[in-house]
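Have a look at the structure below, then the notes.
Each chain gets a letter, A, B and so on, in the order its sequence line appears, and its residues count up from 1.
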There are 2 protein chains.
Amino acid sequence: MAYTLETIAKLAGVSRSTVSRVLNEQPYVREDVRERVWAVVRQVGYQPRAAARSLVTNRTQVIGLLIPEAVSTIFTQPYFSLLIGGITEACNRHRYQLMLSLFSHRSEQESHYRRVIRSGYLDGVIVASWHEEDPLVPRLLEDGVPFVSVSRPDDTRINYVDVDNADGARMATEHLLRQGHRSVGTITGPLTMAPGRDRLAGYRQALAGRGLSVDEDLVARGDFTEEGGRAAMRSLLPHKPTAIFAASDTMAFGALQMLKDAGLAVPGDVALVGFDDLPLASIVEPPLTTVRQPIGRLGGTAVEVLLSLLEASNDGADSVQRVVLPTELIVRASCGSPIH
Amino acid sequence: MAYTLETIAKLAGVSRSTVSRVLNEQPYVREDVRERVWAVVRQVGYQPRAAARSLVTNRTQVIGLLIPEAVSTIFTQPYFSLLIGGITEACNRHRYQLMLSLFSHRSEQESHYRRVIRSGYLDGVIVASWHEEDPLVPRLLEDGVPFVSVSRPDDTRINYVDVDNADGARMATEHLLRQGHRSVGTITGPLTMAPGRDRLAGYRQALAGRGLSVDEDLVARGDFTEEGGRAAMRSLLPHKPTAIFAASDTMAFGALQMLKDAGLAVPGDVALVGFDDLPLASIVEPPLTTVRQPIGRLGGTAVEVLLSLLEASNDGADSVQRVVLPTELIVRASCGSPIH
DNA sequence: TTGTAAGCGTTATCAT
DNA sequence: ATGATAACGCTTACAA
C-alpha cells in the first residue's frame, strides 16, 4: 500500500538513486528516463516520506509560530488572527508548513520547547507577542535556532520585523493636539514589550514636540486587552482628559465602553484614537480613528525574513535582519472634526 | 553538538537500546541504570530527533487542522479563532502538535494534500468548514487518513463533532414566534454546508410547529460572512419582515448594519437573532440575542475524538464516532421584550 | 535485565 | 548518466 522509492524504482526499471534524482529535479538524468519515472510516480500517486527525507537533510520545510501567551488572550485579539493569516499565506506561497505553538501556562513552555524546538520538528521559528522577561527568546538565541521576532526587541542580535510604533503613536497624538486638545491622556500597552514602550515614547515625543510636558496622571498602563483598556480608562476619568490615545484598538474598545458607561460622549466629551485599525474599528460607534498597521504584511514579511535566514545558514552568511514597515493614520469620527 | 542515542549510551555506559527503553518508559530496566541514564539525558539536554523516531514508529504526534477556505475569510470570522483556541488547548494537554493548513485557492489544495497529508507529516486531521462538493473529504476517506469533521456531514462513514444546529435554530425562531412575530425571515448559511442546511431546517420546523407555512420570499441565502449578511438583509427588506433569524452572528452583524442604513430600528422595527454567541454579540448595539454554541469545546472535543481514533487504529477497532453538543439560547436586547 | 543487529525510507558519496 | 552502498538516528525483535 505504502509506496517507497524502491517500489517506484522497480516499476520504472531504474535504481533508487535515479528516482531520487528525478524527484529532486537534479541534473544528469536522461530525459526519457526522467519522464518514465515521473509517469510511474504520478500513476501510483507516490509521495516521499517526509520523516525519512528530513532525517538525512536536516530540514523539515516546517516553521513554527510561537506565541507565549494564554490561548484565550490570543484569540480574543483580532491582531493575532490577522498576523496568522499573513503568515499562513506566505507559508503557502513558499510551500512551507506552519506549526502553531501557543502555551497557556508558562510551565508548558519548557516541555514544549524541548519537544518541539529541540526535537528538530522545525526549520525555524517566528516569535510573536513576547515579553522582555520571557526566557524563551534568550534560549532560542543560545541554541542557535533561526528565528525572527515580530516586534522590535532590545537585544540587537535578534532578527525582527515591526512597524514604526513610535512614529505611529506620535502621529496619533499630534493629530489630537492639532484638534486643540491640551489634556491628552494615553493608555499604554504592557511596558515589558517593545511596542508598548515605543508607542508610549511616541506619545511623549508628540507632546514634547509642542513644548508640552507630560502629566503622568494621564498615563495609564494597559495590557493590550479590552478589559485592560476599560480599567485604564476608569483610572483616567478622575483626571478629566479631553482626548485619549490608546496603544491598541482593543484597549480603545474597552475605553469606549467605559466612557459610555460613565455617560461621556465620544468624541463630544472625550476624543479617542486607537492603534491597529482592526476590522472592528470602522464598525464600532463612533468609528474609531486609529493608526493602521499592516498586520498581515507583518506576518508575511516575518516568514520571508525567516526563510532568507534559512537560506543564509546554508551559505554561512549570518547578519541580523531588521524590517520596519510604516504606519498610517486613519481618521474617523471618534476624534472629532479637525479644529486646526 | 547534536547528541544522539549513541552519545548518551556511551556517557551512561550502556547500550543504545537501554537508553531508548528508558526514554520510552519501558519496563525491564534496572532502577539504578534508569536513573543514571536520565541523569545524563538531563545533563546534556538530550532530545530525540523526531524525524528518526517517526521514521520507525510511523507516528509524528502532530495533527493537522485543515480549513479549505480563503485565509481572509477565515480570520475575519471569530468562529475560527475560538475553534483554533479550543483545538490548541486540547493539543497542549495531550502533548500533540498542531499543524495549521489553510488554502487560499482550490489549486493549492491539491499540492498541499500531497505534500502534507500523504507525506506522513500528520497522524490525523481535523477538517473544519468544508462544503459538500469539496473533493478533499472523499479523498481523505479513500486514503484512509484518520480524520474528524467539525460539522455533521451527509456521509455516514465520517467521524464528526457538531452542535445541534437544527435545534438551536428552532429555539431561536420559536422565541421570535413567541414574541408575537408572524413575519419571521431568515438569512441562511451556505446550503452546501450541513450547518447551513440544518439551521434552515430548524427555522422551518419552528414555523411548522406553529402551523405556519414558510414564505420563501423571507428566506435569503447568505454565506456566513458579514458582507453576505448585509446583502441578504437588503434582499429581504422589500418583503417587510418584522423579525429575522440569521444563521450566524457575523451575518447578523451585517444585517444589523443594513437595517441601520435603511433607517430601521432594532428591535423596534425588526427583531434580530443570531447564531454563535461570538464575544462581539454582547458588545454591538443593541446586544444580540443569539444561539450560543460552545465553539472552543467543539474544537477540544474534535481533538479528543481524533486521538481516540488514533488509539483505535492501533487496536484495529474502527467504529464511526459522532458527538453532538447542545446549544443554548441567549436572550439579549436585539429581539425585543417578550410579549407572550 | 541488557546488548546486538536489522530495519524504517530517504539522500549523498562513490564507483562505474 | 546510472547504480551500489553507506549514512541519518531511532525502535524493536531476538539473543544472551
>> If only side-chain N and O atoms count, and only distance matters, is there a donor-acceptor pair under 3.5 Å linking Ser111(B) with Arg95(A)?
In response: yes
>> Taking ring pair (Phe, Tyr, Trp, His ring centres under 6.0 Å) as the cut-off, I'd like each qualifying pair that reaches into residues 106-137 of chain B, sequence neighbours left out, listed once.
In response: Phe103(B)-His112(B)
> Is there a donor in the side chain of Thr60(B) and an acceptor in the side chain of Asp123(B), or the other way round, less than 3.5 Å apart?
Replying inline: yes
Show me the donor-acceptor pairs, under 3.5 Å and distance only, between side chains in residues 10-20 of chain B and residues at least two apart or in other chains.
from: Ser15(B); atom 1: OG; to: Ser17(B); atom 2: N; distance (Å): 3.4
from: Ser15(B); atom 1: OG; to: Ser17(B); atom 2: OG; distance (Å): 3.2
from: Ser15(B); atom 1: OG; to: Thr18(B); atom 2: N; distance (Å): 3.4
from: Ser15(B); atom 1: OG; to: Thr18(B); atom 2: OG1; distance (Å): 3.4
from: Arg16(B); atom 1: NH1; to: Glu6(B); atom 2: OE1; distance (Å): 2.6
from: Ser20(B); atom 1: OG; to: Asn24(B); atom 2: ND2; distance (Å): 3.3

> Are any non-hydrogen side-chain atoms of Tyr46(B) and Val40(B) less than 4.5 angstrom apart?
Replying inline: no
>> Walk along nucleotides 8-16 of chain D from 5' to 3' and tag each nucleotide B, S or - by protein heavy-atom contact under 4.0 Å, base first, then sugar-phosphate.
In response: BBBBBB---
